[in-house]
Amino acid sequence: MTPFQQRVYEFIREIPRGRVTTYARIGNALHCRSAQAIGQALKRNPLSPEVPCHRVIRADLTFGGYFGKTSGAKVREKIALLKAEGVEFTDGKLTDPSRLWPDD
DNA sequence: CGAGCCCACAACC
DNA sequence: GGTTGTGGGCTCG
């Protein structure tokens, strides 16, 4: 476990239910300009249930990926989880961009 | 300490 | 929709 990962996970844990955030926003919060590094950390996610990594999507508002894949059952599961929280997706994108967190 | 690797991105064509 | 560029933490030497 690295300090960077701890910061990422801690931030994600702060995401309220029914809200989502993007890699860019996390990077901003961590004063890091690299979403890739975040993705790398999340993929390796050593603590899957503790960190709601399914609430993290791309700046494009597309799903991005989940557990190392950009598509597949895992991603669909991610979508299902978000939908269960009231975050629905349309045409592969976030239906309500206002659900982005933080609010700005 | 240095060089290469990896990535679930982002931007551009 | 596919390709290219960037950016940075991570792993290995």
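A, B, ... follow the sequence lines: proteins, then strands. Residue 1 opens every chain. Predicted model, so just to flag it, every value in this text is computed and none were measured.
Screening residues 69-79 of chain A for side chain to side chain donor-acceptor pair (under 3.5 Å), with sequence neighbours left out, gives no hits. Within the structure, every pair that satisfies the side chain to side chain donor-acceptor pair (under 3.5 Å) test and touches residues 45-59 of chain A, not counting sequence neighbours, is listed here: A/R13-A/E50, A/H54-A/E85, A/R55-A/E85.
Here the side chains of A/V56 and A/I12 are in contact, with some heavy-atom distance below 4.5 Å. Residues A/E88 and A/D96 form no side-chain contact, since every pair of their non-hydrogen atoms from C-beta on lies 4.5 Å or further apart. Residues A/T21 and A/I26 have side chains in contact (heavy-atom distance under 4.5 Å, counting atoms from C-beta outward). No side-chain heavy atom of A/F67 sits less than 4.5 Å from a side-chain heavy atom of A/V75.
Along DNA chain B, the stretch of nucleotides lying under 4.0 Å from any heavy atom of chain A spans, 5' to 3', B/dC6 to B/dA10.
Residues passing the side-chain contact (heavy atoms from CB on, under 4.5 Å) test with A/A35 are A/Y23, sequence neighbours excluded. Partners of A/K93 by side-chain contact (heavy atoms from CB on, under 4.5 Å), not counting sequence neighbours, listed by chain and number: A/D60, A/T62. Listed by chain and residue number, A/W101 satisfy the ring pair (Phe, Tyr, Trp, His ring centres under 6.0 Å) test with A/F11 (two or more places apart in sequence, or in another chain). Applying the ring pair (Phe, Tyr, Trp, His ring centres under 6.0 Å) test to A/F89 and every residue at least two apart in sequence or in another chain returns A/F63. With sequence neighbours excluded, no residue satisfies side-chain hydrogen bond (donor to acceptor under 3.5 Å, both in side chains) with A/S98. By the salt bridge (Lys or Arg N to Asp or Glu O under 4.0 Å) test, A/R7 is found to be paired with no residue, residues two or more places apart in sequence or in another chain being considered.
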Between protein and nucleic acid, restricted to nucleotides 11-13 of chain C and to nitrogen or oxygen atoms under 3.5 Å apart, what atom pairs and distances do you find?
none

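Residues A/R19 and A/V87 approach most closely at N-CG2, 4.1 Å, considering heavy atoms.
Across all strands, A/R33 comes closer than 4.0 Å only to sugar-phosphate atoms, never to a base (heavy-atom distances). If you check every strand for non-hydrogen atoms under 4.0 Å, A/F4 touches sugar and phosphate atoms only. No engagement by A/A41 is indicated, since no non-hydrogen atom pair under 4.0 Å with the nucleic acid exists.
A straight line from CG of A/L30 to P of C/dG9 spans 10 Å, rounded to a whole angstrom. Here the C1' atom of nucleotide C/dG9 and the CG atom of A/L42 are 12 Å apart, to the nearest Å. For the pair A/Q6 CD and C/dC10 C1', the computed distance is 15 Å after rounding to whole Å. The nearest whole Å value for the distance from the CD1 atom in A/I38 to the P atom in C/dC10 is 11 Å.
Residues from residues 66-96 of chain A that place a heavy atom under 4.0 Å from any atom of DNA chain B, listed by number: A/F67, A/G68, A/T70.
Of the residues near DNA chain C, A/Q5 and A/A35, the one whose nearest nucleotide (by heavy atom distance) lies more toward the 5' end is A/A35.
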Bracket string, DNA chain B, 5' to 3' - pairs by Watson-Crick or G-U geometry under 3.5 Å, | interstrand = |||||||.|||||

